[in-house]
> 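I have a structure here, written as structure tokens, and I will follow up with some questions on it.
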Protein chains: 2
Amino acid sequence: MGGQGALRHVSKSERLSVECAGGDWCPITATATLIGKKWHPVIIHRLLENGASGFNELQNEVDGISSKVLSESLDDLEANGLVDRTVVEEKPVRVSYSLTDSGESLERVVLALAEWGDEHLEPACDGVSV
Amino acid sequence: MGGQGALRHVSKSERLSVECAGGDWCPITATATLIGKKWHPVIIHRLLENGASGFNELQNEVDGISSKVLSESLDDLEANGLVDRTVVEEKPVRVSYSLTDSGESLERVVLALAEWGDEHLEPACDGVSV
DNA sequence: CGGTATCCTCATTGATACTG
DNA sequence: CAGTATCAATGAGGATACCG
């Protein structure tokens with residue numbers, strides 16, 4: 001996948017540096033806008049952990065999210081091709097949310113987020129580093 | 001303050017999974033709250049790229065940010081021990097913002113963000129434009 | 001240069017309630 | 001189970017102006 005074979009010979013960090021410089025489109029801001037919606041990363045993380053889930057199932061796992069916000073988030077995520085919504089025609093009818101390929105590729109990001117927070121923000125432990 | 005006691009050998013992903021489950025403190029949300037402020041990741045990225053920078057210097061590099069928001073962001077970042085503010089007593093007096101150790105450790109996160117956006121959101125693929 | 005102080009507006013959330 | 005509808009509250013972000 002990722003068939004944009006046009007780019008070559010420029011190192012990734014170089015490109016990123018240039019792209020975020022100013023005036024240009026910035027992948028960081030773009031991504032942050034996409035998944036920086038407060039609940040999005042958690043939802044994705046849950047989906048990553050548990051695989052396909054139903055709506056209420058998801059709501060239970062996220063803790064604190066309202067159905068409205070979950071619905072909106074899912075909507076947004078779906079619109080951006082990150083999650084897949086499938087209606088399972090059984091009885092009772094269920095809806096299954098799962099990550100698309102693109103969504104799964106966010107694992108690195110979400111994990112990076114989680115690990116950093118885990119290492120630098122732990123609440124119960126002593127103060128933050130100096 | 002070592003009082004954490006027994007630190008079991010639980011895999012990292014296992015811990016993260018548990019921590020984000022529900023009711024508990026969640027490192028993902030916590031981190032997202034910290035650096036998900038729309039401009040924070042970009043600021044950090046710029047600092048990562050260019051090293052210590054002055055206020056206006058930073059404002060120029062970020063493109064589009066107002067002094068107010070930059071000020072607030074920097075404030076927030078500093079309060080969370082991510083950036084360091086140093087007044088350089090020269091002439092003319094300057095202020096230098098740089099990343100703390102903790103801030104630099106965000107490189108993985110920011111890079112993950114940037115790379116993902118670069119690979120999945122490229123504007124040319126979408127037909128967005130000025 | 002390096003910020004603060006206002007004011008204003010739009011986006012997002014949360015609570016609650018209701019539906020198929 | 002899986003949402004949608006409303007409404008009120010919050011707050012982040014932008015524009016502009018001003019100060020040391």
> Going from OG on Ser71(A) to CZ on Phe55(A), what distance comes out if it is rounded to the nearest 0.5 angstrom?
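Going from OG on Ser71(A) over to CZ on Phe55(A), the span is 5.0 Å.
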> Using a cut-off of strictly less than 4.0 Å, decide whether Arg85(A) has a side-chain nitrogen or oxygen near OP1 or OP2 of dA2(D).
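For dA2(D), OP1/OP2 do not have a side-chain N/O of Arg85(A) under 4.0 Å.
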> Between C1' on dT4(D) and CG on Asp76(A), what's the gap in Å once rounded to a whole number?
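Distance, rounded to whole Å: 17 Å.
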> Please table the atom pairs, donor to acceptor, closer than 3.5 Å between any side-chain atom in residues 72-87 of chain A and protein atoms at least two apart or in another chain.
residue  : atom : partner  : partner atom : Å
Ser73(A) : OG   : Val69(A) : O            : 2.7
Asp76(A) : OD1  : Asn80(A) : ND2          : 3.1
Asn80(A) : ND2  : Asp76(A) : O            : 2.9
Arg85(A) : NE   : Tyr97(A) : OH           : 3.3

> Is any side-chain heavy atom of Arg46(B) less than 4.5 Å from a side-chain heavy atom of Val62(B)?
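Side-chain contact under 4.5 Å: yes.
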> Any side-chain heavy atom of Val109(A) within less than 4.5 Å of one from Val109(B)?
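Val109(A) vs Val109(B): side chains apart.
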> Hey, mind stepping through Lys38(A) and Thr33(B) against side-chain contact (heavy atoms from CB on, under 4.5 Å) and telling me if it holds?
CA-CA 7 Å; Lys38(A) 180 172 189 181; Thr33(B) 300; 5.8 Å; no
> Roughly how far, to the nearest 0.5 Å, is the CG atom of Asn50(A) from the NE2 atom of His45(A)?
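Rounded to the nearest 0.5 Å, the NE2-CG separation comes out at 9.0 Å.
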> Protein within reach of the bases, or only the backbone? For nucleotides 9-14 of chain D, mark each nucleotide 5' to 3' as B, S or -, using heavy atoms under 4.0 Å.
----BB
> Determine whether Leu34(A) and His40(A) make a side-chain contact, defined as any pair of heavy atoms from C-beta on separated by less than 4.5 Å.
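Heavy-atom side-chain distance check fails, nothing below 4.5 Å.
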> Name all residues meeting the side chain to side chain donor-acceptor pair (under 3.5 Å) criterion together with Ser105(B); count only those two or more places apart in sequence or in a different chain, and write none if there are none.
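Ser105(B) satisfies side chain to side chain donor-acceptor pair (under 3.5 Å) with Trp116(A), His120(A) only.
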> Restricting to nitrogen or oxygen on both sides, can you table the protein-nucleotides 18-20 of chain D pairs closer than 3.5 Å?
none

> Evaluate the side-chain contact (heavy atoms from CB on, under 4.5 Å) criterion for residues Gln59(B) and Asn56(B): first the C-alpha distance (whole Å), next the side-chain angles of each, then the deciding distance (0.1 Å), finally the verdict.
CA-CA 5 Å; Gln59(B) 190 173 3; Asn56(B) 288 331; 3.7 Å; yes
> Measure the CG-OG1 distance between Leu113(A) and Thr31(B) for me, rounded to the nearest 0.5 Å.
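If we round to the nearest 0.5 Å, Leu113(A):CG and Thr31(B):OG1 are 5.0 Å apart.
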> Between Leu111(A) and Leu106(A), is there shared hydrophobic-cluster membership here, with clusters defined by ILVMFWY side-chain heavy atoms closer than 4.5 Å?
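No, Leu111(A) does not connect to Leu106(A) through the hydrophobic network.
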> Taking NZ, NE, NH1 and NH2 as the nitrogens, is one of them in Arg108(B) or Glu115(A) under 4.0 Å from a carboxylate oxygen of the other?
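Result for this pair is yes, salt bridge flagged.
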> Please confirm whether the shortest side-chain N or O distance from Tyr97(A) to OP1 or OP2 of dC1(D) is below 4.0 Å.
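Answer is no, no contact under 4.0 Å.
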> What are the 5'-most and 3'-most nucleotides of DNA chain C lying under 4.0 Å from any heavy atom of chain B?
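Going 5' to 3' along DNA chain C, contacts run dC1(C) to dC7(C).
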> Mind checking whether Leu47(A) and Ser53(A) have side chains closer than 4.5 Å, heavy atoms only?
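Side chain of Leu47(A) against side chain of Ser53(A), heavy atoms only: contact under 4.5 Å found.
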> For the helix from dC1(C)-dG20(D) to dG20(C)-dC1(D), what angle lies between the axis at the first five pairs and the axis at the last five pairs, to 10 degrees?
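So the angle between the two local helix axes works out to 50°.
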